[in-house]
Amino acid sequence: MGASRVAPRGRAATAGVALSFALGLLPGVTAAGDHEAAPVRPASAATAGAPQPQPDPYLSHPAQDRPPTTQTLEARRDGLIAAFVEDLHLHGLGNPADRLVSQPFRRMAAGLFALQVGHASAVRLRDLPTRAARFLAAIQPRAAAGTDGSAGRIHGDYDFVMKELVSLLYRFRDAPNLLSDDAAFHLLDRGLGSYIGKRVDGELTFRIGVPLLGRIIKYPETENHVLMTFSSAYLANRFVVANPRRDPRLRLGRYREVSRFRSAAAAAERVLLEACARILRHGFWEANARPYQAMSVHALMNLHAFADSPRLRTAAHNALDYLATKFAFQSIDMRRMAPYRRNARYAARMAPYESDGVPFMFGTLVGKAPWPADFPGIGNAAGHALWASLLAYRVPRAVRPHMLGLRGRYWARMMTRFAPDDYRIGRPPRYRNAGAGKLEYVPELYFKTPTFLNSAGGRYNRYPIPGDTIVAPSSARDSDFLARPTMLLRRGHLDRFETLSQLDERVMNMPGASSPWLSDNLGVYKGFAYGYRAEAEHLAWPMQLPAAYRAHLHGHRGTTTFGHPGSRAAFAFVDLSDVPDAGFYVVLGRVSKSARGRVFRRFARGFWEIVPRHRFPDVDSLRRAVLSANPASHFRDSHRRGELHYLYRMTTGETLELDARLGAGRAACDNPIRAIWPRGARPRSDPPLPLSQLLVDRCDRHAIKRSPLLNVVEVDHDDRFTGTTIAFAPGDGQLSVIDPESGAKLYLDHRDPLTPTRVEQSPDPSE
């Protein structure tokens with residue numbers, strides 16, 4: 001272990017069963033326990049070396065830099081309105097003859113809302129309704145909805161603007177003094193006119209241009225484009241049918257035959273119902289997508305707020321609630337660093353505040369916003385947050401306290417599922433029969449507590465669609481599922497950063513491959529994480545330990561690394577027990593084998609365990625207990641068949657079997673954590689617990705098919721399973737969520753795409 005860091009970098013920057021609110025229980029398998037102290041032998045010269053104490057700016061940041069307390073939605077919205085109105089004063093609405101983008105319509109919406117509610121920023125906005133009408137009368141759409149993939153074609157991505165236009169049209173539908181009849185008509189006729197009065201089924205595919213050969217390759221349209229295009233077309237057509245302002249222009253000329261608009265809306269509705277149902281059966285296809293998932297969320301929020309079809313409103317509501325539930329357990333303080341699909345160009349961007357708009361949307365809705373001081377600003381994330389604050393969707397009562405981190409400790413397993421034929425070249429995306437055939441999966445694992453989130457970075461998975469439109473670094477493609485480093489995220493503001501090296505300075509992580517997005521980073525179980533680091537020799541530490549953690553390394557008899565003679569493991573300990581917003585210890589482990597085969601010596605491998613402060617009186621007691629519970633026999637040097645693993649006994653008493661070849665690119669079914677035994681079991685003789693009930697057993701295809709889409713279970717302060725399931729989605733269209741403390745419950749049923757239902761219960765009649 002070096003004098004300044006633990007790990008110096010060597011890489012570049014079921015099935016359809018009816019659910020009740022009382023769900024199935026996992027076996028109680030964990031317990032904390034005291035261990036006999038054992039003498040500690042000196043570490044070898046290769047592992048010794050005590051770092052010098054360093055300043056602790058992160059763990060001791062000034063009070064004024066700490067994340068803000070929970071705010072009301074109104075307070076957060078006020079800040080967003082003020083920022084966008086100021087931007088409107090500085091830049092106006094822009095030139096309507098330019099290619100349309102989202103920003104003018106966000107400025108317009110903020111200003112009109114400020115006038116509507118008498119916001120303090122509205123003093124200089126009295127002429128805005130006139131300016132808005134003049135701007136909308138002159139807009140010239142110069143793009144098409146959907147992906148722009150062809151050479152020489154009109155620009156794509158116009159649906160990014162369409163969702164803004166629809167929000168504006170409906171949000172001020174009943175305020176003609178703000179959005180005049182002329183403004184509303186021009187918004188509809190000029191802004192959305194190309195997508196009303198006709199079916200838009202052709203928007204389910206797009207073509208790629210090939211030089212000299214023309215537009216010959218047809219691709220399935222992506223999820224966010226389908227939701228934005230079809231939701232906008234549906235709502236625009238329904239506006240013509242309803243004609244809520246009794247505008248005579250909507251009954252003349254091209255608008256005379258109302259049945260055409262009714263039929264076009266019905267066709268769009270069917271696609272949207274099936275697309276929403278797919279989300280509750282298999283998850284968002286663009287799982288945790290940066291930056292595209294926020295686009296889908298905005299489209300769904302428009303449907304939830306404005307669709308006049310009750311079943312479509314419910315379908316959108318259910319899809320939003322599913323995402324809110326998933327986000328609640330994959331994030332801490334509105335920050336997530338989850339594995340994702342789309343876009344490969346963002347693979348190297350580690351930034352917790354950039355690109356991903358969903359945290360800003362939910363953070364605004366629940367009033368928890370630990371983002372940088374210069375937010376809200378007027379960037380894209382702020383625009384997503386603005387619309388979330390102006391539309392009708394609110395996070396369910398059963399989900400909100402979990403999202404805010406107000407409750408206990410949870411072990412969460414999630415996955416996105418798909419079949420190769422769901423998105424196949426030459427065909428539209430498959431919704432109604434999605435998942436037919438060989439079912440693939442992208443798992444996510446999280447351990448969430450009030451003070452930290454232990455986050456598995458997922459596993460790279462190449463989606464088999466030939467000729468992806470964009471080839472990103474290291475052969476990752478847009479359609480692939482990309483891993484993130486395994487991370488320990490703590491509460492509080494992380495500062496703004498983007499690169500891997502900047503991530504290393506702030507967040508403890510194990511990256512996996514030198515390009516982390518191509519990694520196998522799934523070795524997380526509760527507070528334990530097992531991972532690797534490529535481009536490092538096997539005696540190195542795999543985790544990057546920020547300076548703030550290194551300053552709290554435990555030293556004993558002149559060393560900070562410890563182990564047993566003959567053991568292939570070395571240990572270190574970080575004492576954060578008295579650090580504000582932490583209150584835990586960190587056990588660090590480094591493992592290796594001496595065999596010279598590449599499978600063993602290519603990577604540094606190791607683990608950490610986060611241990612609550614109450615479990616041990618001090619860090620020295622923890623050190624003695626860990627060394628006593630993990631003798632040299634747990635970390636054998638043998639690499640014979642049957643010895644390709646290590647054993648680690650957690651401070652909970654559970655024992656884990658770890659794959660000694662993690663990251664070596666072997667069979668797809670291999671598991672980083674190969675087996676789990678409960679407290680008191682003998683790993684050499686007792687059978688382990690069913691792995692598929694605790695993790696994701698990649699070696700059991702039948703178990704994977706039975707695995708739930710989402711399963712969140714409660715653990716107590718000693719990390720024992722309490723027997724309470726917090727959230728459960730079997731993958732057949734159902735989701736149940738409960739907040740045990742308040743008694744609030746949520747039940748969604750989307751098994752039939754055409755008749756989605758929901759039940760939300762709160763013991764507080766005012767909610």
A.B. asks: Any donor-acceptor pair under 3.5 Å linking the side-chain atoms of Ser296 with those of Glu223?
C.D. replies: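 No - no donor-acceptor pair under 3.5 Å links their side chains.
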A.B. asks: For Trp387, enumerate each residue passing the side-chain hydrogen bond (donor to acceptor under 3.5 Å, both in side chains) test, keeping only those at least two apart in sequence or located in another chain.
C.D. replies: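 Here the qualifying residues are Glu164.
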A.B. asks: Looking at every non-hydrogen atom in both residues, tell me the closest pair between Ala267 and Asp201 and how far apart they are.
C.D. replies: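 What the structure gives for the nearest pair is CB-OD1, 4.4 Å.
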A.B. asks: Just how far is it from atom CZ of Arg477 to atom CG of Leu482, taken to the nearest 0.5 Å?
C.D. replies: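 Arg477 CZ to Leu482 CG: 12.0 Å, rounded to 0.5 Å.
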A.B. asks: Test Cys276 against every option in His317, Arg311, His750 by the side chain to side chain contact (heavy atoms under 4.5 Å, CB included) rule and name the one that passes.
C.D. replies: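 Filter result, single survivor: His750.
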A.B. asks: Restricting to salt bridge (charged side-chain N to carboxylate O under 4.0 Å, His left out), what partner residues turn up for Arg173, sequence neighbours left out?
C.D. replies: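 Arg173 satisfies salt bridge (charged side-chain N to carboxylate O under 4.0 Å, His left out) with no other residue.
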A.B. asks: Is the charged tip of Arg107 near the ring of Phe84: under 6.0 Å from the six-membered ring centre and within 45° of its axis?
C.D. replies: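 No - Arg107 does not lie over the ring of Phe84 by the 6.0 Å and 45° rule.
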A.B. asks: Show the nearest heavy-atom pair for residues Thr314 and Pro756, with the distance to one decimal.
C.D. replies: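 So the minimum-distance heavy-atom pair works out to CG2-O, 3.5 Å.
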A.B. asks: Write down the atom of Leu192, the atom of Ala236, and the distance for their closest heavy-atom approach.
C.D. replies: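 Of all heavy-atom pairs spanning Leu192 and Ala236, the closest is CD1-CB, 3.9 Å.
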A.B. asks: Please determine which of Ile196, Val258, Val200 meets the side chain to side chain contact (heavy atoms under 4.5 Å, CB included) test together with Asn237.
C.D. replies: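 Of the listed residues Ile196, Val258, Val200, the side chain to side chain contact (heavy atoms under 4.5 Å, CB included) partner of Asn237 is Ile196.
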A.B. asks: Can you name the ring pair (Phe, Tyr, Trp, His ring centres under 6.0 Å) partners of His402, sequence neighbours left out?
C.D. replies: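 Applying ring pair (Phe, Tyr, Trp, His ring centres under 6.0 Å) to His402 gives Phe329, Tyr410.
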A.B. asks: For this output row, return yes or no: ring centroids of Phe360 and His384 closer than 6.0 angstrom.
C.D. replies: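 No: the rings miss the under 6.0 Å criterion.
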A.B. asks: Give the minimum heavy-atom separation between Ala305 and Ala392, together with the two atoms involved.
C.D. replies: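 Taking Ala305 first and Ala392 second, the nearest heavy atoms are CB-CB, 4.0 Å.
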A.B. asks: Take Asp356 and Tyr346 through the side chain to side chain donor-acceptor pair (under 3.5 Å) test and state the conclusion after the steps.
C.D. replies: CA-CA 10 Å; Asp356 188 359; Tyr346 293 88; over 6 Å; no
A.B. asks: What's the separation between atom CE in Met361 and atom CG in Leu323, rounded to the nearest 0.5 Å?
C.D. replies: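 It comes to 9.5 Å.
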A.B. asks: Please report whether the ring centroid of Tyr463 lies less than 6.0 Å from that of Trp285.
C.D. replies: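 So the answer is yes for these two rings.
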A.B. asks: What is the minimum heavy-atom distance between Arg394 and Leu365, and which atoms define it?
C.D. replies: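 The pair with the smallest heavy-atom distance is NH1-CD2, 3.6 Å.
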A.B. asks: What's the spacing between His186 NE2 and Leu179 CG if we round to 0.5 Å?
C.D. replies: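 Answer for the NE2-CG pair, His186 versus Leu179, is 11.0 Å.
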A.B. asks: With rounding to the nearest 0.5 angstrom, report the CG to CG distance, Leu93 to Leu128.
C.D. replies: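 Nearest 0.5 Å value for the CG-CG distance: 6.5 Å.
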A.B. asks: For the rings on Phe418 and Phe481, is their centre-to-centre separation under 6.0 Å?
C.D. replies: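 Yes; Phe481 has its ring centre under 6.0 Å from that of Phe418.
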A.B. asks: Examine distances only and state if a side-chain atom of Gln502 and a backbone atom of Glu498 form a donor-acceptor pair shorter than 3.5 Å.
C.D. replies: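 Yes: the side chain of Gln502 pairs with the backbone of Glu498.
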A.B. asks: Nearest 0.5 Å please: distance from the CE atom of Met295 over to the CG atom of Asp157.
C.D. replies: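 One finds 8.5 Å between CE of Met295 and CG of Asp157.
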A.B. asks: Please name the pair of heavy atoms, one in Arg313 and one in Ala307, separated by the smallest distance, quoted to 0.1 Å.
C.D. replies: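 Distance-wise, the nearest heavy atoms are NH1-O, 2.8 Å.
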A.B. asks: Could you walk me through whether Thr205 and Glu221 pass the side chain to side chain donor-acceptor pair (under 3.5 Å) check?
C.D. replies: CA-CA 5 Å; Thr205 59; Glu221 188 54 275; over 6 Å; no
A.B. asks: Mind telling me whether Phe135 and Phe105 have parallel, tilted or perpendicular rings, with 30° and 60° as the class edges?
C.D. replies: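 Taking Phe135 first and then Phe105, their aromatic rings stand perpendicular (interplane angle over 60°).
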A.B. asks: Should Glu203 and Tyr195 count as side-chain neighbours, where that means a heavy-atom distance under 4.5 Å?
C.D. replies: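 Glu203 vs Tyr195: side chains touch.
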A.B. asks: Filter on side chain to side chain donor-acceptor pair (under 3.5 Å), then keep only pairs touching residues 255-268, sequence neighbours left out; what's left?
C.D. replies: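 Passing the test, one end in residues 255-268: Asp189-Tyr255.
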A.B. asks: Measure the spacing between OG1 of Thr416 and NE2 of His282 and express it to the nearest 0.5 Å.
C.D. replies: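 That separation rounds to 11.0 Å.
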A.B. asks: Using a strict threshold of under 4.0 Å (side-chain N to carboxylate O), is an ion pair present between Arg76 and Glu74?
C.D. replies: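 Salt bridge absent between Glu74 and Arg76.
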A.B. asks: Take a 6.0 Å sphere around CZ of Arg427 and say whether it holds more than 12 heavy atoms from other residues, nucleotides or ligands.
C.D. replies: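 Buried by this count: over 12 neighbours within 6.0 Å.
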A.B. asks: Verify side chain to side chain donor-acceptor pair (under 3.5 Å) between Arg349 and Ser355, making sure each step is shown before the conclusion.
C.D. replies: CA-CA 9 Å; Arg349 185 175 294 181; Ser355 303; 2.8 Å; yes
A.B. asks: Tell me, please, which residues at least two apart from Glu286 pass side-chain hydrogen bond (donor to acceptor under 3.5 Å, both in side chains).
C.D. replies: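 For Glu286 the side-chain hydrogen bond (donor to acceptor under 3.5 Å, both in side chains) partners, ignoring immediate neighbours, are Asn224, Arg342.
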A.B. asks: Under the criterion side chain to side chain donor-acceptor pair (under 3.5 Å), I'd like the reasoning laid out for Tyr292 against Asn343: C-alpha separation, chi angles, the key distance, then a yes or no.
C.D. replies: CA-CA 8 Å; Tyr292 299 112; Asn343 188 308; 3.2 Å; yes
A.B. asks: Kindly state whether the ring of His225 and the ring of Phe230 have centres lying under 6.0 angstrom apart.
C.D. replies: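 No - the distance between ring centres of His225 and Phe230 does not fall below the 6.0 Å cut-off.
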A.B. asks: Could you tell me if Ser167 and His298 have a donor-acceptor pair between their side chains, going purely by distance under 3.5 Å?
C.D. replies: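 Per modelled atom types, His298 and Ser167 side chains form a pair under 3.5 Å.
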A.B. asks: Tell me, please, which residues at least two apart from Ala120 pass side-chain contact (heavy atoms from CB on, under 4.5 Å).
C.D. replies: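 For Ala120, no residue satisfies side-chain contact (heavy atoms from CB on, under 4.5 Å) once neighbours in sequence are set aside.
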A.B. asks: Are Ser232 and Leu165 close enough that some pair of their side-chain heavy atoms sits under 4.5 Å apart?
C.D. replies: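 Contact flag for Ser232/Leu165 side chains = no.
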